[in-house]
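Inspection log for the structure reproduced underneath, given as structure tokens.
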Amino acid sequence: MRKAHASTRATEVREISKPDEQWRRELTPLQYSVLRQAHTERPFAGEYVHNHQDGFYRCAGCGSKLFSSDAKFDSGTGWPSFDEPAVAEAVELRADNSLFMRRTEVVCRRCGGHLGHVFKDGPTETGDRYCINSCSLDFEPATADQEQGDGETGQPGTARG
């Protein structure tokens, strides 16, 4: 794991705001390290790298709907990759100049959790590659009556795939 930078800032107000100790209790050690401390999981080690089921990916910290399986593609990088968020307003992009690189960090707008980074080298018409840590996501398989376009949010930990 590499440390990028702390993604939570005391001056930001989030819809979901919890004390650090509560995050530590609710998340696995790896999820806490990635979502709350902006670390990165090892490539090819994540649960959703090779997931090809239809459904949605939600924030593992707050349950916010982030990405659809329709936007997922195999980038060969070792992390789940998407060409766009399911709900554009669900993610926040911010400059990340850590580790002597210029990157764009992707965070959950609802809870401020670090998700990964977005790069401008994607293979689809968007040109974007959202490179997201598996442990920052929960997968919700599609059901027959579920519409892929809705923007509802759910509860964390209820959508393990």
Side-chain angles (χ1 to χ4, degrees), residues 1-43 45-49 51 53 55-72 77-99 103-119 126 128-142 146-161:
M1 286 187 298
R2 292 180 291 146
K3 180 174 167 62
H5 68 281
S7 66
T8 54
R9 296 183 180 134
T11 58
E12 293 179 6
V13 176
R14 300 280 178 195
E15 184 179 334
I16 306 290
S17 181
K18 301 176 186 180
D20 190 57
E21 285 308 310
Q22 185 175 351
W23 285 118
R24 284 184 189 275
R25 284 191 309 271
E26 293 177 0
L27 301 171
T28 68
L30 181 59
Q31 287 175 321
Y32 179 82
S33 175
V34 171
L35 284 165
R36 307 316 307 168
Q37 297 178 315
H39 291 169
T40 301
E41 69 187 356
R42 290 187 340 256
E47 178 178 4
Y48 302 123
V49 175
N51 182 26
Q53 291 181 284
F56 290 101
Y57 294 86
R58 295 183 180 271
C59 176
C62 70
S64 184
K65 184 180 284 186
L66 301 172
F67 298 98
S68 168
S69 61
D70 291 341
K72 189 172 187 287
T77 62
W79 293 277
S81 297
F82 305 88
D83 66 354
E84 65 184 349
V87 180
E89 296 79 25
V91 299
E92 179 181 319
L93 305 179
R94 54 174 114 155
D96 176 1
N97 297 316
S98 64
L99 302 176
R103 300 178 293 177
T104 302
E105 180 184 19
V106 181
V107 299
C108 175
R109 187 175 303 276
R110 191 166 177 226
C111 71
H114 171 78
L115 304 171
H117 292 86
V118 63
F119 302 94
T126 69
D128 291 335
R129 174 174 54 95
Y130 285 80
C131 188
I132 306 298
N133 292 285
S134 282
C135 69
S136 65
L137 301 171
D138 277 331
F139 181 70
E140 176 184 332
Q146 184 179 45
E147 290 184 13
Q148 291 249 346
D150 75 16
E152 69 183 80
T153 59
Q155 297 299 315
T158 59
R160 286 276 175 209

- Query: Just wondering, do Phe67 and Pro80 contact through their side chains at under 4.5 Å, heavy atoms?
  - Reply: no
- Message: Quick one, Tyr130 and Leu93 - any side-chain contact, counting heavy atoms below 4.5 Å?
- Response: yes
- Side-chain ion pair, Arg103 and Asp96, N-O less than 4.0 Å: yes
- Just one of Val87, Asp138, Leu115 clears the side-chain contact (heavy atoms from CB on, under 4.5 Å) bar with Leu66, so which one? Leu115
- Item | Reported CD-to-CG distance for the pair Gln22 and Leu27, which is rounded to 0.5 angstrom | 9.5 Å
- Identify the heavy atoms of Gly61 and Leu35 that sit nearest to each other, and give their distance. N-CD1, 3.9 Å
- Query: Judged by atom type as modelled, is there a donor-acceptor pair below 3.5 Å linking the side chain of Arg36 to the main-chain atoms of Trp23?
  - Reply: no
- Task: Measure the spacing between OH of Tyr48 and OG of Ser136 and express it to the nearest 0.5 Å.
- Result: 10.0 Å
- Atom of Asp83, atom of Thr126 and distance for their closest heavy-atom approach: O-OG1, 2.9 Å
- Item | Atom pair SG/NZ of Cys108 and Lys65 - distance to nearest 0.5 Å | 13.5 Å
- Query: Taking the side chain from Lys72 and the backbone from Asn51, do they hold a donor-acceptor pair closer than 3.5 Å?
  - Reply: yes
- Say whether, by atom type as modelled, one donor and one acceptor occur between the side chain of Ser64 and the main chain of Cys59 under 3.5 angstrom. no
- Item | Aromatic plane relationship, His117 with His114 - under 30° parallel, 30 to 60° tilted, over 60° perpendicular | perpendicular
- Between Glu41 (side chain) and Ser134 (backbone), is there a donor-acceptor pair under 3.5 Å? yes
- Task: Hey, could you give me the CD/CZ distance between Glu105 and Arg94, rounded to the nearest 0.5 Å?
- Result: 5.0 Å
- Query: Is the backbone of Cys135 close enough, under 3.5 Å, to the side chain of Asn133 for a donor and an acceptor to pair up by distance?
  - Reply: no
- Query: Does the Arg58 side chain pair with the main chain of Gly63, one donor and one acceptor, at a distance under 3.5 Å?
  - Reply: yes
- Message: Quick one: does any side-chain atom of Ser68 pair with a main-chain N or O of Ala86 as donor and acceptor, under 3.5 Å?
- Response: no
- Do you know which of His39, Arg25, Gln37 makes side-chain contact (heavy atoms from CB on, under 4.5 Å) with Tyr32? Gln37
